[in-house]
Asks: 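Below is a structure I'd like to ask you about.
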Amino acid sequence: MKTNRLLLFALILVFFNIMKLNAQTNINLKQQSNAIKTVNAAKTGNWNDVFTNFMQLAAKNLAGDNKSFEYKTTIFAIKSEVDSTLLIDENYVKENFSRNFQINMGLRLDNDYKFKGFSYGFDWALINKRDLSINTLVNGEAAKLYEKYFDMLTTSRERYNNDLIKNEDPDKNKKIKQIQEAISNNADEYIIPIDLFPKDFIKYLPPDYQDTRKYFREVYEEELDAIKRKPLLKIGFNSNFQKNAKFLDEFDANLVYLQGLKSKTGSKLEIDFRNQFKAKDSITTSVIKRKEFSSQLGLNISIWETKEKSIIELKPNFEYKRIVSGIMADEKNDQFLANADLRIRILKNLWVPLILKYDIKNNNLFGFLNVSFNFDAMKKE
C-alpha cells in the first residue's frame, strides 16, 4: 500500500513539473505564431484525444474498475521545450516527423486506486493534412496580403513619426504609444481596425485600407475553412508492464481516420473511423490466449462553439466487436454496440468526455467517465 502511494505521489510530481515547464515556455516565448494557434484552435476535442497538439494529461474510466492516468506528447513538444524558436511558423513546418510522432505512457490502477502496472505506446500520423496545411496560412494568399499590409503599415508609421518630430507635436509620445498598443493588443486581428489609430494617422494610410482588411478576412476565412476539413490517419501500438507478467503479455494495435466535413450551419463535423486489434496472454504461459477485433464508425458534431472553439461535442457511433480466439464460457463471439461520446469543455484546455456504450443484443448499458487536459505551446500574452 505504501509503494502504491509513493508511485501515485511520484506521478503527481511529474505531471506538476510538466505543467510548470510548459507554463515557463509560454511566458518566455516572445515570437508567437498566429497561424499555429489558429489551426490548433480549430481542432475538436475529439481530434485532440486522438492526436495531441502539444501534450495531454488524462484520467480515464474514473468510475470503473480499471482506472488509468495517462500522459502523451509528441517528439516535437519535447524538442520545443529545449528550443522555443521551433514554435515560429517557418521552423514549425520543417519538423514534420517530430510533430507527427506521439509517445504515450501512464499508470494503471484498480478500483481501490492500487497500482496494477505501467502502460506505454506510440502513435504515428501517416497522414496529417491539417497540420501540414499550416503551410497554407504561412505561404498562402492571405499570408502574401498580410506581408504587403505590414510593409505598407511600416512605411506609413515611419512617415507619420517623422512628421510628428518635424512639426514638434506636443502629443507625439501619446500618439506613437497609441499605434503601438493598437498593434500589440490586436495581434489576432492581423489587419488592425482603422478606428484604433490616432485620427491624424489615418491620412497616411492608403484609401483602400478598409477594403483590404475586409478582403483579407474573406481570404483568410476561406483558407481556414478548408483546413478544418483536412484528414488525419494514424496508426498506434500500446502495451503495458504488470506484476508477474511477461513482455508484451497484453497489447493492442490500432488505426484511426478522421475527416472533416463541410457544414451549412458552419459547425464542425468530423467522420471518425477506428479499428483495433487486441491480444491478451495468460500470466502462466507464453501463448496468446485471447484475440479481439473491433471496428467503429461515427460522426463527431460540435453542437455548441464560440469563436471557432468547440464547447460541447457529441459523437454518435456504431461499434462491432469480434472475439477471434479465446472465447470464454457463456460468451458470444460478436457484439454490436450503439455508442455516444459527449465531450464538454469545462475550461480553456480541460475536457470531460463521457462515453456511453449500449449492447444492442443483450440490452446492457456501459458508461466511462474521463478527464483530459490539453497543453498548448501557444499562449496569448
Side-chain angles (χ1 to χ4, degrees), residues 1 3-4 6-8 10-11 14-15 49-52 56-73 101-126 234-257 273-296 317 319-337 339 341 353 355 357 359 364 366-372:
M1 184 70 177
T3 303
N4 297 332
L6 287 173
L7 285 168
L8 284 175
L11 182 65
V14 170
F15 284 1
D49 280 350
V50 173
F51 211 89
T52 181
Q56 185 188 77
L57 300 179
K60 296 188 175 182
N61 198 19
L62 292 176
D65 294 333
N66 297 308
K67 302 171 176 58
S68 64
F69 291 93
E70 300 178 4
Y71 167 69
K72 61 184 179 182
T73 185
F101 196 89
Q102 180 172 270
I103 302 169
N104 314 314
M105 62 189 76
L107 293 180
R108 303 183 70 178
L109 311 172
D110 64 14
N111 191 45
D112 297 321
Y113 289 91
K114 292 181 180 179
F115 176 70
K116 289 179 62 177
F118 294 100
S119 62
Y120 63 93
F122 70 86
D123 295 298
W124 183 17
L126 301 176
K234 73 96 179 175
I235 56 173
F237 176 86
N238 296 283
S239 186
N240 61 78
F241 290 115
Q242 296 189 60
K243 189 176 180 181
N244 300 324
K246 301 179 183 68
F247 180 63
L248 294 181
D249 271 353
E250 183 177 351
F251 69 86
D252 74 77
N254 61 79
L255 179 147
V256 180
Y257 178 75
F273 179 55
R274 309 185 183 207
N275 292 280
Q276 184 182 52
F277 176 79
K278 297 174 67 176
K280 187 173 183 179
D281 192 1
S282 67
I283 295 177
T284 57
T285 70
S286 59
V287 180
I288 293 177
K289 295 293 185 181
R290 186 177 179 90
K291 299 177 183 178
E292 300 178 16
F293 171 78
S294 63
S295 185
Q296 188 175 344
N317 60 91
E319 183 177 5
Y320 172 71
K321 289 185 175 183
R322 179 159 185 95
I323 302 173
V324 180
S325 64
I327 188 169
M328 295 183 289
D330 300 325
E331 185 181 23
K332 296 180 180 179
N333 64 351
D334 59 3
Q335 189 177 28
F336 291 91
L337 300 168
N339 307 331
D341 298 7
I355 301 173
K357 294 178 176 285
D359 186 340
N364 292 327
F366 310 92
F368 304 90
L369 179 63
N370 303 331
V371 175
S372 62

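Keep in mind it's a predicted model, so treat the numbers as computed, not measured.
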Asks: If I compare all heavy atoms of Lys67 with all of Leu62, which pair ends up nearest, and what's the gap?
Replies: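 Distance-wise, the nearest heavy atoms are CE-O, 3.0 Å.
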
Asks: Gln296 and Asn275: side-chain donor and acceptor closer than 3.5 Å?
Replies: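 Asn275 and Gln296 do not have a side-chain donor-acceptor pair below 3.5 Å.
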
Asks: Anything under 30° is parallel, anything over 60° is perpendicular, the rest tilted; go ahead and classify Phe122 against Phe101.
Replies: parallel

Asks: Rounded to the nearest 0.5 Å, what separation is found between the NZ atom of Lys278 and the OG atom of Ser294?
Replies: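 It comes to 7.5 Å.
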
Asks: So, taking the atom named CG in Asp252 and the one named OG in Ser119, what distance separates them when rounded to the nearest 0.5 Å?
Replies: 10.5 Å

Asks: Using a 4.5 Å cut-off on heavy atoms from C-beta on, say whether the side chain of Phe118 contacts that of Asn240.
Replies: no

Asks: Does one side chain, of Asp359 or Gln335, offer a donor that lies under 3.5 Å from an acceptor on the other?
Replies: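 Judged by distance alone, the side chains do pair up.
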
Asks: Looking at residues at least two apart in the chain, or sitting in another chain, which of them share a ring-ring contact (aromatic ring centres under 6.0 Å, His included) with Phe293?
Replies: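 Listed in chain order: nothing, the list is empty.
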
Asks: Is there a side-chain contact between Tyr120 and Ser239 in this structure, where contact means two heavy atoms from C-beta onward sitting under 4.5 Å apart?
Replies: yes

Asks: Can you tell me how far apart CZ (Phe251) and CZ (Phe277) are? Round to the nearest 0.5 Å.
Replies: 5.5 Å

Asks: Flag the pair Glu319 / Phe336 as yes when at least one side-chain heavy-atom distance between them is below 4.5 Å, and no otherwise.
Replies: no

Asks: Under a 4.0 Å threshold between the charged nitrogen and the carboxylate oxygen, would Glu70 count as salt-bridged to Lys72?
Replies: no

Asks: One pair to check against side-chain contact (heavy atoms from CB on, under 4.5 Å): Leu337 and Lys321. What are the steps and the verdict?
Replies: CA-CA 8 Å; Leu337 300 168; Lys321 289 185 175 183; 4.1 Å; yes

Asks: Side chains of Ile355 and Asn339: does their closest heavy-atom pair fall under 4.5 Å?
Replies: no

Asks: Mind checking whether Phe368 and Pro353 have side chains closer than 4.5 Å, heavy atoms only?
Replies: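 Answer no - side chains too far apart.
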
Asks: For a 4.5 angstrom cut-off between non-hydrogen side-chain atoms, does Thr52 reach Gln102?
Replies: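 SC-SC contact between Thr52 and Gln102 confirmed.
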
Asks: Does the side chain of Asp123 reach to within under 4.5 Å of the side chain of Ile235, using non-hydrogen atoms?
Replies: no

Asks: Between Asp110 and Lys116 (salt bridge meaning N to carboxylate O under 4.0 Å), is one present in this structure?
Replies: no

Asks: Ignoring hydrogens and angles, state whether a donor on the side chain of Asn254 or Gln276 is under 3.5 Å from an acceptor on the partner side chain.
Replies: no

Asks: Looking at side-chain heavy atoms only, is the closest gap between Leu107 and Phe115 below 4.5 Å?
Replies: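 Yes, their side chains come closer than 4.5 Å.
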
Asks: Could you give me the CA-CA distance, side-chain angles and deciding distance for Lys357 and Asn364, then say whether side-chain hydrogen bond (donor to acceptor under 3.5 Å, both in side chains) is met?
Replies: CA-CA 8 Å; Lys357 294 178 176 285; Asn364 292 327; over 6 Å; no

Asks: Let me confirm one number: the CD-CG distance from Glu292 to Asn333, rounded to the nearest 0.5 Å.
Replies: 11.0 Å

Asks: Run the side-chain contact (heavy atoms from CB on, under 4.5 Å) check on Lys234 and Leu255 step by step: do they pass?
Replies: CA-CA 6 Å; Lys234 73 96 179 175; Leu255 179 147; over 6 Å; no

Asks: Is a side-chain donor or acceptor of Ser372 paired with a backbone partner of Ala58 at a separation under 3.5 angstrom?
Replies: no

Asks: Report the C-alpha separation of Ser295 and Phe273 in whole Å, then their side-chain angles, then the decisive distance to 0.1 Å, and conclude whether the side-chain contact (heavy atoms from CB on, under 4.5 Å) test is met.
Replies: CA-CA 8 Å; Ser295 185; Phe273 179 55; 3.6 Å; yes

Asks: Please tell me whether Lys60 and Asn66 have a donor and an acceptor in their side chains that are separated by less than 3.5 angstrom.
Replies: no

